[in-house]
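Structure first, commentary second.
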Amino acid sequence: DVSGAFLSAKGALGNVDDRVDWRVSAPDIGKATSPFGLKAEGVLEAKGSLSGEMLQPSIELDLAAKELELEGVPRLAAITTKLKGGLSPESKLEGVITLEGLEQPGSDEALIRSAVIDLMGSIKEHTLKASFETGLSPFSRRRVLEGGLVLKGGYLANEKRWVGSLSGSQVKGMWRP
């Protein structure tokens with residue numbers, strides 16, 4: 001427990017049937033980071049588990065944070081993350097990350113109003129879909145830009161590299177003054 005923030009974990013890890021459940025709570029990140037000389041603000045709640053063999057574990061993550069701010073870094077109004085999957089090539093992998101209100105300090109415009117990243121498949125073969133809406137004003141006019149992309153690919157364990165392709169992308173909005 002550091003200034004109201006805490007981390008708890010219970011379980012074992014290493015054997016096939018092992019599992020560690022964990023939780024992090026930081027209702028005031030600033031109080032937790034100030035002893036380390038960091039100026040931060042926001043609220044963070046996360047929980048999850050790690051299970052299975054040490055070299056190919058399975059993970060579950062559920063994270064929610066809001067009003068995140070770190071000195072000199074864009075402010076983030078909210079982020080939620082749900083991830084479930086394993087690190088073996090055939091293990092199912094699914095997750096969603098949602099961002100809201102990424103703002104540059106001192107600006108009244110959001111760099112990103114919202115963004116969603118969806119991941120599905122397995123380590124060996126997966127698809128990542130991302131969509132976004134900006135608050136940027138191209139050429140000093142208030143015109144929202146929005147778009148998305150789709151990546152398909154997989155990790156080739158024997159070659160130790162990711163191979164994939166951009167199978168779709170789009171950007172909508174006015175680009176000209």
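Just so you know, residue 1 is the first one in the sequence shown, and it goes up from there. This one's a predicted model, so the numbers in the text were calculated from it and none came from an experiment.
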* When you look at CG of L166, are more than 12 heavy atoms from neighbouring residues, nucleotides or ligands closer to it than 6.0 Å? ->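 For L166, atom CG is crowded (more than 12 foreign heavy atoms under 6.0 Å).
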* Neighbour count >12 (heavy atoms, 6.0 Å) for atom CD, E71 -> no
Looking only at heavy atoms, which two atoms of [X] and [Y] are closest? And how far apart?
X	Y	answer
L102	P74	CD1-CB, 3.7 Å
I123	S88	CG1-O, 3.8 Å
K31	P35	O-CD, 3.3 Å
V20	A12	CG2-O, 3.4 Å
S49	D21	CB-OD1, 3.3 Å
P27	G4	CD-O, 3.4 Å

Hydrophobic cluster membership, with links at side-chain heavy-atom distances under 4.5 Å among I/L/V/M/F/W/Y: are [X] and [Y] in one?
X	Y	result
L87	L50	no
L68	L99	yes
L149	I117	yes
L151	L93	yes
L70	I79	no

Is any side-chain heavy atom of [X] less than 4.5 Å from a side-chain heavy atom of [Y]?
X	Y	result
R19	E60	yes
K160	Y155	yes
L119	I97	no
V96	V116	yes
S58	S51	yes
M120	H126	no
V24	L44	yes
K82	E94	no

Between atom [atom1] of [X] and atom [atom2] of [Y], what is the distance when rounded to the nearest 0.5 Å?
X	Y	atom1	atom2	result
N15	E53	CG	CD	8.0 Å
L61	K47	CG	NZ	11.0 Å
E69	K39	CD	NZ	11.5 Å
K84	S91	NZ	OG	11.5 Å
K152	L128	NZ	CG	12.0 Å
T134	L111	OG1	CG	9.0 Å

* Within the side chain of S25, is there an N or O that forms a donor-acceptor pair under 3.5 Å with the backbone of F6? -> no
* **Test: E100 and R113 ion pair at under 4.0 Å** => no
* Asked: In terms of side-chain geometry, is the basic nitrogen of R23 or E45 positioned less than 4.0 Å from the acidic oxygen of its partner?
  ->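 Salt bridge between R23 and E45, a charged N being under 4.0 Å from a carboxylate O: yes.
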* Could you give me the CA-CA distance, side-chain angles and deciding distance for L13 and M54, then say whether side chain to side chain contact (heavy atoms under 4.5 Å, CB included) is met? => CA-CA 7 Å; L13 187 63; M54 191 68 79; 3.9 Å; yes
